[in-house]
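The first residue of the sequence shown is numbered 1, and numbering continues consecutively from there. Here the structure is a predicted model, which is why all the values come from computation and not from measurement.
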Amino acid sequence: MDNLPDQLILEIFSKIKNTVDRNSISLACKRFHNLDNEQRKYLRVGCGLNPADEALTSLCHRFPNLNKVEITYSGWMSKLGKQLEDPGLSMLSSICPFLTDLTLSYCTFITDAGLSSLASCPKLSSLKLNFTPRITGSGIFSIVSGCKNLEKIHLIRCLNISNLEWLECLGRQETLQDLCIKNCRGIGEGALIKLGPTWRSIKRLQFEVDSNYRYMKLYDRLAVDRWQKQLVPCEKMVELTLTNCMISPGRGLACILDKCRNLEKVHLDMCIGARDCDIIGLAQNSKNLRAISIRVPSDFSLPLLMENPLRLTDNCLKSLAQNCTQLESVSLSFSDGEFPSMSSFSLDGILSLIKTCPVKSLFLDRVYSFDNTGMEALCGSDHLQTLELIRCQEISDEGLKFVAHYPWLRVLRLTKCLGVTDDGFKPLIGSCKLEQLVVNDCPQVSLSGVQGAAKSVSYKLDLSWMY
């Protein structure tokens, strides 16, 4: 080893991803210690950092080429010592000149002052904040206005961000590519219009409204009007995730669904007001769509009774089948409030996707229209590799036995399916067809009944959900 050049040893070190292994190697000799210090790019610290400010400073001096730092205090208690505070965070800008990626999770003592000190990090391009309750919009504005190369911002449960001037600042920079906002009560759907020209550069958008706060929110009429009047260009967006959002005509994020030309992944989870025309418009414009996930909220149960036009129907599924010929992953689910006899999607609508698109992964949760006939129809799928069924109570052993005839299926997951018993798995035992079988909380299925049904079998039984 003494005769090996430094460059070759660094190449070997780069193949070792486990932090514990890297730490062990650095203790082997002084040469390895110095080389590891030089190459280490990523640092993750948290509750074990004590005293926090001094320890972080020491580590950053030891690893001078750090470009990614993650500080997380998940599970922290006062007896574990003090958390990192503003002085410790402020030294990152001077000691870590190559810092590009910073994550702060559960850092409850970091304030706007500490965050503002990072505005002098010229290369910072990614900022992720998860439950930093003392950070406000002023702190975000300071770092956005100072760091001109921000491409990724993730804000999760940042409850005190109400000043949204930073969004307008981002809009002027036009560098943002990845924006994630989850459960930040001060940021509503209407606020995103402030991004303005930056919509042209965004590739990934995740927006989640706090479900406990959604119904109390007062929508800004002016913000809604601005959405209606302004063209939102989203040509570069490839991934869109909306959770607990309002999808209403001319309001907020409904304006972008049919303007994304290059979408590849769409996830609509409990979005109130989604209509056929929204999904049809998306399908007609997003020819490259590869994955779609729709979870229908329980709020639909009442409109269904009144044949409300807000109901999603087979029309949107058939439009996806007709226009999105590259669709590989489909996920359809209903929340607890959906009535079994009133599923928005019929068996014909679901099968239109399977027959027309190269669907490799199918996920169905509480889709009561999917029954044994649907299981039989999947025998004709030339692409299906993964099938996951949750609370699909119309499926029995008769339908499960068709799985043995699926040409390419490799993974089967069943959860809380009441109609399935050990008999349904008998055709699979010893066949070596499935790579993986997962059976969770199916009351009529035993461990002995699934053993040998796949190369890898996972079984769990917890019936508390039934009571």
Legend entry - Contact check, side chains of I256 and W199, non-hydrogen atoms, under 4.5 Å: yes

Legend entry - Residue pair P443 / L463: nearest heavy atoms and the distance that separates them: CB-CD2, 3.7 Å

Inset, instruction - Determine the minimum heavy-atom distance between C260 and M237, stating which atoms define it. - result: SG-SD, 4.0 Å

Inset, instruction - Answer yes if the side chains of D462 and S464 hold a donor-acceptor pair under 3.5 Å, and no otherwise. - result: yes

Legend entry - Minimum side-chain heavy-atom gap D210-N244 below 4.5 Å: no

Legend entry - Neighbour count >12 (heavy atoms, 6.0 Å) for atom NZ, K360: no

Legend entry - NZ (K41) with more than 12 external heavy atoms under 6.0 Å: yes

Legend entry - Between R62 and N37, a side-chain donor and acceptor under 3.5 Å: yes

Inset, instruction - Say whether, by atom type as modelled, one donor and one acceptor occur between the side chain of N372 and the main chain of G399 under 3.5 angstrom. - result: yes

Inset, instruction - Determine whether the side chains of S74 and T72 contain a donor N or O and an acceptor N or O closer than 3.5 Å. - result: no

Legend entry - Value rounded to 0.5 Å, distance of CD1 in I153 from CG in D178: 10.0 Å

Inset, instruction - Check whether any side-chain N or O of N323 sits under 3.5 Å from a backbone N or O of S319 as a donor-acceptor pair, and report yes or no. - result: yes

Inset, instruction - Under the side-chain contact (heavy atoms from CB on, under 4.5 Å) rule, what do D397 and F425 come out as? Steps first, then yes or no, please. - result: CA-CA 8 Å; D397 291 340; F425 294 94; over 6 Å; no

Inset, instruction - Give the minimum heavy-atom separation between W408 and H383, together with the two atoms involved. - result: CD1-N, 4.2 Å

Legend entry - Side-chain heavy atoms of T373 within contact of L347, under 4.5 Å: yes

Inset, instruction - Would you mind reporting whether I25 and N23 have side-chain heavy atoms less than 4.5 Å apart? - result: no

Inset, instruction - Answer with yes or no whether the side chains of S125 and N149 bring together a donor and an acceptor at under 3.5 Å. - result: no

Legend entry - Backbone N/O of I135 and side chain of N160: donor-acceptor pair under 3.5 Å: no

Legend entry - Donor-acceptor side-chain pairing of H154 and N130 below 3.5 angstrom: no

Legend entry - Worked check of side-chain contact (heavy atoms from CB on, under 4.5 Å) between K455 and L434: CA-CA 6 Å; K455 295 178 181 179; L434 296 178; over 6 Å; no

Inset, instruction - May I ask you to decide if L170's main-chain N or O and T198's side chain share a donor-acceptor pair within less than 3.5 Å? - result: yes

Inset, instruction - May I ask you to test the E38-N65 pair for a side-chain heavy-atom distance under 4.5 Å? - result: yes

Legend entry - Pair R290 + E328: basic N to acidic O under 4.0 Å: yes

Legend entry - Greater than 12 external heavy atoms within 6.0 Å of K265's NZ: no

Legend entry - Smallest separation among heavy atoms of L92 and L118, with atom names: CB-CD2, 3.9 Å

Inset, instruction - Taking Y73 for its side chain and L104 for its backbone only, find out whether a donor-acceptor pair lies under 3.5 Å. - result: no

Inset, instruction - Answer with yes or no after comparing the ring centroid distance for F32 and F13 against a 6.0 Å cut-off, counting only values under it. - result: yes

Inset, instruction - Using atom types as modelled and distance alone, determine if a side-chain donor or acceptor of D441 lies under 3.5 Å from a backbone N or O of K416. - result: no

Inset, instruction - Look at the side chain of N18 and the backbone N and O of D21, then say whether any donor-acceptor pair between them is shorter than 3.5 Å. - result: yes

Inset, instruction - Indicate whether the side chain of S293 and that of H267 have a donor and an acceptor atom separated by less than 3.5 Å. - result: yes

Legend entry - Minimum side-chain heavy-atom gap L115-L129 below 4.5 Å: yes

Inset, instruction - Would you tell me whether N315 and R275 have side-chain atoms, one donor and one acceptor, within less than 3.5 Å of each other? - result: no

Legend entry - Over all atoms of both residues, closest heavy-atom pair of C379 and H405: SG-CB, 3.9 Å

Inset, instruction - Kindly assign one of parallel, tilted or perpendicular to the pair F131 and Y106, based on the angle between their ring planes and the thresholds 30° and 60°. - result: tilted

Inset, instruction - Please answer whether the main-chain N or O of L263 pairs with a side-chain N or O of N288 as donor and acceptor at a distance below 3.5 Å. - result: no

Legend entry - Polar side chain donor-acceptor pair, Y42 to E70, under 3.5 angstrom: yes

Legend entry - 4.5 Å side-chain heavy-atom contact, L437 and S458: no

Legend entry - Minimum-distance pair of heavy atoms, taken over all atoms of C147 and C121: SG-O, 3.6 Å

Inset, instruction - For the pair N67 (side chain) and L99 (backbone), establish whether a donor and an acceptor sit closer than 3.5 Å, ignoring hydrogens and angles. - result: no

Inset, instruction - Spell out, as yes or no, whether a donor-acceptor pair under 3.5 Å connects the side chain of S369 to the backbone of F345. - result: yes

Inset, instruction - Answer yes or no: is there an ion pair linking R31 with D6, defined by an N-O contact shorter than 4.0 Å? - result: yes

Legend entry - K287, NZ: over 12 other non-hydrogen atoms inside 6.0 angstrom: yes

Legend entry - pair Y406-L387: side-chain heavy atoms closer than 4.5 Å: yes

Inset, instruction - Would you indicate whether Q436, at its atom CD, is surrounded by more than 12 heavy atoms from other residues, nucleotides or ligands within a distance under 6.0 Å? - result: yes

